[in-house]
Amino acid sequence: MALNYIWTGFFLVGFIAALAQWLFLGDSEIFKRVIDGTFSSAKMAVMDIALPLAGVMTLWLGIMNVGEKAGAINLFARIIAPFFSRIFPGVPRNHPANGHMVMNFSANILGLDNAATPFGLKAMESLQTLNPHKDEASDAQIMFLVIQTSGLTVIPLAIMAQRAILGAANPADIFIPTLIATFCSTFAGIVAVSLRQRINLFDPVVFGWIGGLTAAIGGLVFYITNYLDKSQIGHVSVVAANLILFSIIAAFMVAALLKRVNVFEAFIEGAKGGIETSLKIIPYLVGMLVAISVVRNSGILGLIVNGFAWVFTQLGIPTDFVGALPTALMKPLSGSGSRAMMIDAMTTYGVDSFVGRLASILQGAADTTFYIVALYFGSVGIRKTRYAIGYGLLADLAGVIGAIFVAYLFFG
């Protein structure tokens with residue numbers, strides 16, 4: 001419902017702004033610019049984005065299906081199961097919810113959204129069987145939901161694919177920065193909820209996981225800031241990102257062969273979803289890009305960005321990043337909306353510009369908090385969300401701050 005009002009508001013506010021410029025400033029061309037922009041954005045959404053995306057998504061969905069058949073989800077599930085049993089102390093060890101949650105997060109980490117959502121809904125349903133107050137979120141359900149909203153994803157496939165379509169020199173150069181930013185979001189969410197729920201963060205397994213990952217990320221940032229210059233950072237990031245991605249592809253194929261999976265058939269099976277995915281997003285992409293075009297060409301988006309720039313200037317903070325902030329502001333409300341904002345930033349400022357890269361990192365740093373709350377809690381009839389939304393937004397904020405920091409570190 002929030003997206004409904006936002007989308008409609010884009011058109012109405014844009015119309016009022018255009019009308020005011022015509023009446024008070026005598027700009028008789030304003031309506032033509034706005035309407036021309038809607039046609040241009042609608043064409044771009046289909047011809048320049050959705051259709052080219054089909055090829056890239058076909059490739060990667062096929063590869064991801066090979067990984068799924070090879071047992072990648074089960075492997076990740078076995079690795080993270082001990083950690084999950086500690087941060088969900090109210091869930092019995094042998095309860096089905098544990099398996100569903102672990103499978104959900106394993107699929108999310110690999111970017112397998114089609115597999116992750118069914119597992120997630122099943123996990124919420126299983127957790128509801130342990131909930132004594134059926135209309136109120138339990139502690140375990142809140143922890144599960146906040147980790148969901150933090151958007152932890154190791155392989156941001158859709159974002160890299162979008163960058164490739166728009167002509168990025170190295171589409172994967174945001175891979176490591178996005179990984180760091182989404183870690184910030186997930187770390188903040190888990191720690192904040194654990195403190196609220198009095199979960200023992202110094203349990204050896206919990207501390208080992210959180211401390212180990214934090215040390216690894218911190219060590220990476222320390223090494224980059226102290227031993228590499230800007231050109232070396234860019235080079236290392238590109239080489240490491242592409243090496244990791246190619247290694248994942250090779251590992252999936254080797255594992256699939258060892259399990260006697262028909263690799264090519266598995267690839268074709270998964271690849272069939274590429275066209276479907278691209279066609280499915282066309283209405284959302286057209287709707288959001290056209291609406292954003294209206295607020296941009298009517299001057300509203302520029303006014304908002306300039307407003308943020310003025311505030312940060314008064315605070316003595318650099319303002320290079322403000323052009324990407326609309327992506328961050330839209331992300332908690334709508335995945336399609338924030339994706340459209342990301343595309344708008346890349347096409348307006350340049351796909352390899354600082355703002356274009358930062359918008360990409362912001363898109364991958366967290367997830368759509370309000371949509372996830374509505375989907376997961378709504379599926380089991382929970383009306384009282386308690387502190388779930390607040391802590392989900394806290395995780396989002398940590399992801400935004402982390403994204404801005406790493407964008408300056410890698411590309412500033």
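- When all heavy atoms are compared, the tightest approach of Val355 to Ala345 is CG1-CB, 4.2 Å.
- Atom NZ of Lys134 has more than 12 heavy atoms from other residues, nucleotides or ligands within 6.0 Å.
- A side-chain donor-acceptor contact under 3.5 Å links Ser85 to the backbone of Pro82.
- Under the 3.5 Å distance criterion, the side-chain polar atoms of Ser40 are left unmatched by any main-chain donor or acceptor of Asp36.
- Annotation: salt bridge (charged side-chain N to carboxylate O under 4.0 Å, His left out) contacts of Asp139 (sequence neighbours excluded): Arg386.
- Partners of Arg78 according to the salt bridge (charged side-chain N to carboxylate O under 4.0 Å, His left out) rule, which considers only residues two or more places apart in sequence or in another chain, do not exist here.
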Where do Ile180 and Phe405 land on the side-chain contact (heavy atoms from CB on, under 4.5 Å) test, with the steps shown first?
CA-CA 10 Å; Ile180 296 173; Phe405 170 77; 5.8 Å; no
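- In this view, Phe410 satisfies the ring pair (Phe, Tyr, Trp, His ring centres under 6.0 Å) rule with no residue, not counting sequence neighbours.
- Under the 4.5 Å side-chain criterion, counting only non-hydrogen atoms from C-beta, Tyr223 is in contact with Leu228.
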Using the rule given for side-chain contact (heavy atoms from CB on, under 4.5 Å), can you reason through Val351 versus Arg357, listing the C-alpha separation, both sets of side-chain angles and the distance that settles it, and then say yes or no?
CA-CA 7 Å; Val351 66; Arg357 284 168 165 149; over 6 Å; no
Stepwise, does the side-chain hydrogen bond (donor to acceptor under 3.5 Å, both in side chains) test hold for Ser360 with Gln363?
CA-CA 5 Å; Ser360 300; Gln363 177 70 2; over 6 Å; no
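- Closest approach of Leu362 and Ala324 over heavy atoms only: CD1-O, 3.4 Å.
- Distance check: Thr319 OG1 to Asn306 CG gives 9.5 Å after rounding to the nearest 0.5 Å.
- Ser247 is listed as a side-chain neighbour of Leu243, based on a closest heavy-atom distance under 4.5 Å.
- In this structure Arg198 satisfies the salt bridge (charged side-chain N to carboxylate O under 4.0 Å, His left out) test with no other residue, sequence neighbours excluded.
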Check step by step if side-chain hydrogen bond (donor to acceptor under 3.5 Å, both in side chains) holds for Asp396 and Thr369.
CA-CA 8 Å; Asp396 292 344; Thr369 297; 2.5 Å; yes
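- Listed here is the closest heavy atom pair of Ala181 and Ile361: CB-CG2, 3.8 Å.
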side-chain hydrogen bond (donor to acceptor under 3.5 Å, both in side chains) evaluation trace for Thr186 with Ser150
CA-CA 5 Å; Thr186 304; Ser150 70; 2.9 Å; yes
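- Checked by atom type and distance alone, the side chain of Ser194 pairs as donor or acceptor with a backbone atom of Ile190 at under 3.5 Å.
- A distance of 10.5 Å separates CE of Met342 from CD1 of Ile292, quoted to the nearest 0.5 Å.
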For side-chain contact (heavy atoms from CB on, under 4.5 Å), just list the numbers for Asp48 and Thr347, CA-CA rounded to whole Å, side-chain angles, deciding distance to a tenth of an Å, and then say yes or no.
CA-CA 11 Å; Asp48 299 334; Thr347 54; over 6 Å; no
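- Annotation for Ala140 and Phe88: closest pair O-CE2, 3.2 Å, computed over non-hydrogen atoms.
- Shown here is Phe308, whose CZ atom has no more than 12 heavy atoms of other residues, nucleotides or ligands within 6.0 Å.
- A 4.5 Å side-chain heavy-atom check between Leu289 and Met44 finds at least one atom pair inside the cut-off.
- Arg383 places none of its side-chain heavy atoms less than 4.5 Å from the side chain of Phe377.
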Checking side-chain hydrogen bond (donor to acceptor under 3.5 Å, both in side chains) for the pair Glu125/Tyr376: CA distance, chi angles, key distance, verdict?
CA-CA 9 Å; Glu125 181 182 324; Tyr376 283 92; over 6 Å; no
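- For the pair Thr214 and Ile217, the minimum side-chain heavy-atom distance is 4.5 Å or more.
- Nearest heavy atom pair, residue Ala366 against residue Ser185, reads CB-OG, 4.0 Å.
- Here the straight-line distance linking atom CD1 of Ile404 with atom CG of Leu409 works out to 13.5 Å at 0.5 Å rounding.
- Using a 3.5 Å distance cut-off with no hydrogens or angles, the side chains of Gln141 and Asn131 do pair a donor with an acceptor.
- If you take CZ on Phe84 and CZ on Phe144, they are separated by 8.0 Å, rounding to the nearest 0.5 Å.
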Distance-only criterion, 3.5 Å: show the donor-acceptor pairs between side-chain atoms of residues 249-271 and protein atoms not counting sequence neighbours.
residue: Asn262; atom: OD1; partner: Phe264; partner atom: N; Å: 3.4
residue: Asn262; atom: OD1; partner: Glu265; partner atom: N; Å: 3.1
residue: Asn262; atom: ND2; partner: Glu265; partner atom: OE2; Å: 3.4

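- Arg86 has its side chain out of reach of Asn200: every pair of non-hydrogen atoms, C-beta onward, lies at least 4.5 Å apart.
- The shortest distance between side-chain heavy atoms of Ile147 and Ile87 falls below 4.5 Å.
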So Asp344 and Arg296, salt bridge (charged side-chain N to carboxylate O under 4.0 Å, His left out) or not? Walk me through it.
CA-CA 9 Å; Asp344 182 74; Arg296 177 174 292 284; 2.5 Å; yes
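- At a threshold of 4.5 Å between non-hydrogen side-chain atoms, the residues Leu358 and Ile174 do not count as touching.
- The salt bridge (charged side-chain N to carboxylate O under 4.0 Å, His left out) search around Arg163 returns Asp173, Asp352, not counting sequence neighbours.
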Residues Thr129, His95; criterion side-chain contact (heavy atoms from CB on, under 4.5 Å); working and verdict
CA-CA 10 Å; Thr129 65; His95 196 275; 3.3 Å; yes
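- Atom CZ of Arg339 and atom OG1 of Thr368 lie 10.5 Å apart (nearest 0.5 Å).
- Ser379 contributes atom OG, which lies 7.5 Å from atom CD1 of Ile382 (distance to the nearest 0.5 angstrom).
- The distance between the ring centers of Phe354 and Phe321 does not fall below 6.0 angstrom.
- Closest of all the heavy-atom pairs between Ile142 and Ala137 is CG1-CB, 3.8 Å.
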